[in-house]
Amino acid sequence: MRDFGGIVERSPVRVVRPRSPGEVAAAVHEAASQGLAAVPRGLGHSTYGQSLTSGVCLDMRGLAGVHEVGAGHAVAGAGTTWREVLDATLPHGLAPPVLTDFLDVTVGGTISAAGVGGSSHLHGTQAANVLALDVVVDGEPVTCSPGIRPELFDAVRAGLGGHGVITGATLRLVPVPDRVLCCTIPCRDAADLLRVQREVRADDLSGQVKPAEDGWVFEAKATLHSGGPPPGTAETEELSFLEFADRLRPDVEELVALGEWARPHPWGMVFLPASRAADVIGSTLASMTATDLGLSGVILVKALRVGHVPMLAAPADPVLFSVLRTASPDSAPLGTMLAANRALLTRAETVGGTRYAVDSVPR
Ligand SMILES: Cc1cc2nc3c(=O)[nH]c(=O)nc-3n(C[C@H](O)[C@H](O)[C@H](O)COP(=O)(O)OP(=O)(O)OC[C@H]3O[C@@H](n4cnc5c(N)ncnc54)[C@H](O)[C@@H]3O)c2cc1C
């Protein structure tokens, strides 16, 4: 079995698809009685074997579904995708405050990672926007929240499944508009991109670095729920909220058709302290070319707040720098890309940075 990274392979003794917290507990008990690990898997979109095991694979898609949508909350199974959450909440004019850029990952998987989105500069991570969790811990189904077993609530969010299996989540919801305005702001360099992310007021803010003939081009995307384009805007586009939330779908379809989606994805992702981020991003880009990124690779820069998520090791005032490489046929070899991720992490750690644990760094 592989994950989206396509680098690590593991053969589980068995794959179990539990359909209730009780079935999760039974599967965990049975695995433990055989001396096997039971590892939850959402949709396996982490990139270096985080969801893989030689023991028992718990396929959490058996626990998909939105069970309740209230005025400010939704209750969903851990295997529900964020697309399925939106399908249930948008008819009520509501959505989770933070969505991942790609909607086909699971609620349990991203809460276990942290879940960074374009609105994380306002709302923190997805893990910080959970009201309560249903968890199987020590083989027993329990509920936890900031007021009930807070130590467990803090251990499972961004815990990568190591402190319990999340079976369901009560998610915070906020009102969203029917339509949004997406603005593209060209930037000079990494420092300028970070300045825009600090200064521009937008509901969703992200930064991208793209290869160009003579180096790299930098652009910020600011998406507004109301009001006009911010200073520096070069292009605007009006989209429905769903079109915006699902904006990666056409690209993903193209990458699937090209075969790029199935290639190895050695992703380097580090949290940098904002004060040192431009230096690290600049020196990383100076030492790489488009070949080191791969045909469909993407570089993202996102200044964010984490919120109260004790398990997420990140500097204060973090910037997530993501070098999302694809080992395409004419790109640098996979081993070179993995070594570059290791070098990036070392560079990050030297200035007080940390890794985002769904990355691909050989350990
Ligand atoms: C195209 C793409 C776009 C992405 N965009 C973003 C983004 O915008 N923001 C972001 O933060 N991340 C993003 N990611 C990374 C993604 O958040 C992680 O891969 C995350 O792990 C969710 O994927 P998943 O649901 O497939 O979980 P998996 O990869 O299956 O699991 C991730 C980890 O969580 C554990 N886990 C899974 N389910 C549970 C559960 N129910 N209980 C306890 N532990 C569990 C697993 O054991 C594993 O350690 C993206 C990934 C891809 C491939």
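Counting begins at 1 with the first residue of the sequence. Only this structure's heavy atoms are used, side chains among them; waters, hydrogens and symmetry mates stay out. A quick note: this is a predicted structure, and the numbers were derived from the prediction, not measured. Both ligands and their constituent atoms are indexed starting at 1 by order of listing.
For atom 12 (N) of ligand 1, the closest non-hydrogen atom of the protein is Tyr356 OH, 4.0 Å. Atom 14 (N) of ligand 1 has as its closest protein heavy atom Trp267 CZ3, 4.6 Å. The protein non-hydrogen atom at the shortest distance from atom 48 (C) of ligand 1 is Gln50 O, 3.5 Å. In terms of protein heavy-atom proximity, atom 32 (C) of ligand 1 is closest to Ser46 OG, 3.6 Å. Shortest contact from atom 8 (O) of ligand 1 to any protein heavy atom: Asp101 N, 2.8 Å. Nearest to atom 44 (N) of ligand 1 among the protein's heavy atoms is Ser112 OG, 3.0 Å. Nearest to atom 9 (N) of ligand 1 among the protein's heavy atoms is Val116 O, 2.7 Å. The nearest heavy-atom contact from the protein to atom 3 (C) of ligand 1 is Phe102 CB, 3.3 Å.
For atom 13 (C) of ligand 1, the nearest non-hydrogen atom from the set Thr100, Leu300, Leu43 belongs to Thr100.
Judged by the shortest distance from any of its heavy atoms, Gly44 lies inside the 4.0 Å radius around the atoms of ligand 1. Using a 4.0 Å cutoff on heavy atoms, Gly162 does not count as a contact of ligand 1. The shortest heavy-atom distance from Ala114 to ligand 1 is not under 4.0 Å.
Using the six-membered ring where Trp is involved, Phe4 and His45 have ring planes that are parallel, under 30° apart on the 30 and 60° scheme.
Residue contacts with ligand 1 for Trp82 are absent, since no atom lies close enough (heavy atoms, distance under 4.0 Å). Residue contacts with ligand 1 for Met60 involve side-chain atoms from C-beta outward but no N, CA, C or O (heavy atoms, distance under 4.0 Å). The proximity of Trp261 to ligand 1, defined as any non-hydrogen pair under 4.0 Å, is limited to the side chain. Residue contacts with ligand 1 for Leu160 involve both N, CA, C or O and side-chain atoms from C-beta outward (heavy atoms, distance under 4.0 Å). Contacts between Ala78 and ligand 1 below 4.0 angstrom, taking non-hydrogen atoms only, involve the side chain exclusively.
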Practice item. Start with the C-alpha gap between Asp101 and Arg247, add the side-chain angles, then the distance that decides, and say whether salt bridge (Lys or Arg N to Asp or Glu O under 4.0 Å) holds. Key: CA-CA 8 Å; Asp101 295 348; Arg247 62 198 174 281; 3.4 Å; yes
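Judged by distance alone, with hydrogens and angles left aside, the side-chain atoms of Thr236 form no donor-acceptor pair with the main-chain N or O of Cys183 at under 3.5 Å. At distances below 3.5 Å, not a single donor-acceptor pair connects side-chain atoms of Thr326 with backbone N or O atoms of Leu295. Although no hydrogens or angles enter the test, the distance criterion places no donor-acceptor pair under 3.5 Å between the side chain of Thr106 and the main chain of Gly42.
Residue-environment remark: CZ (Arg201) stays at or below the threshold of 12 foreign heavy atoms within 6.0 Å. Around CZ of Arg83, the count of heavy atoms belonging to other residues, nucleotides or ligands within 6.0 Å exceeds 12. Heavy-atom contacts from other residues, nucleotides or ligands closer than 6.0 Å to CD of Glu235 number 12 or fewer.
In this structure, His308 and Asp154 have side chains that are in contact, with non-hydrogen atoms separated by less than 4.5 Å. Contact annotation: the side chain of Val105 approaches that of Trp82 to within less than 4.5 Å [non-hydrogen atoms, C-beta and beyond]. The closest side-chain heavy-atom distance from Thr223 to Asp203 is not below 4.5 Å. Counting heavy atoms from C-beta outward, Trp216 and Leu293 have side chains that approach closer than 4.5 Å. For the pair Asn341/Met269, no side-chain contact is recorded, criterion being any heavy-atom separation below 4.5 Å from C-beta on. Annotation: side chain of Leu344 is in contact with side chain of Phe321 (closest heavy-atom distance under 4.5 Å).
An N or O contact shorter than 3.5 Å is missing between Val105 and ligand 1 by distance. For the pair Thr106 and ligand 1, the shortest N or O to N or O distance falls below 3.5 Å. An N or O contact shorter than 3.5 Å links Gly42 to ligand 1 by distance. Between Pro40 and ligand 1, at least one pair of N/O atoms sits closer than 3.5 Å.
Closer than 4.0 Å to atom 19 (O) of ligand 1 lies at least one heavy atom of the protein.
Those atoms of ligand 1 with a heavy atom of Val358 less than 4.0 angstrom away are 18 (C), 21 (O). Residue Gly115 approaches ligand 1 through these ligand atoms, each under 4.0 Å from one of its heavy atoms: 11 (O). Heavy-atom contacts of Gly164 reach the following atoms of ligand 1: 43 (C) (cutoff under 4.0 Å). The atoms of ligand 1 that sit less than 4.0 Å from any heavy atom of Gly161 are 43 (C), 44 (N). The contact set between ligand 1 and Thr110, taken as ligand atoms under 4.0 Å from a residue heavy atom, comprises 17 (O), 22 (C).
By the 6.0 Å and 45° rule, Arg157 stacks over the aromatic ring of Phe153.
Salt bridge present: Glu84 and Arg61 bring a charged side-chain N and a carboxylate O closer than 4.0 Å.
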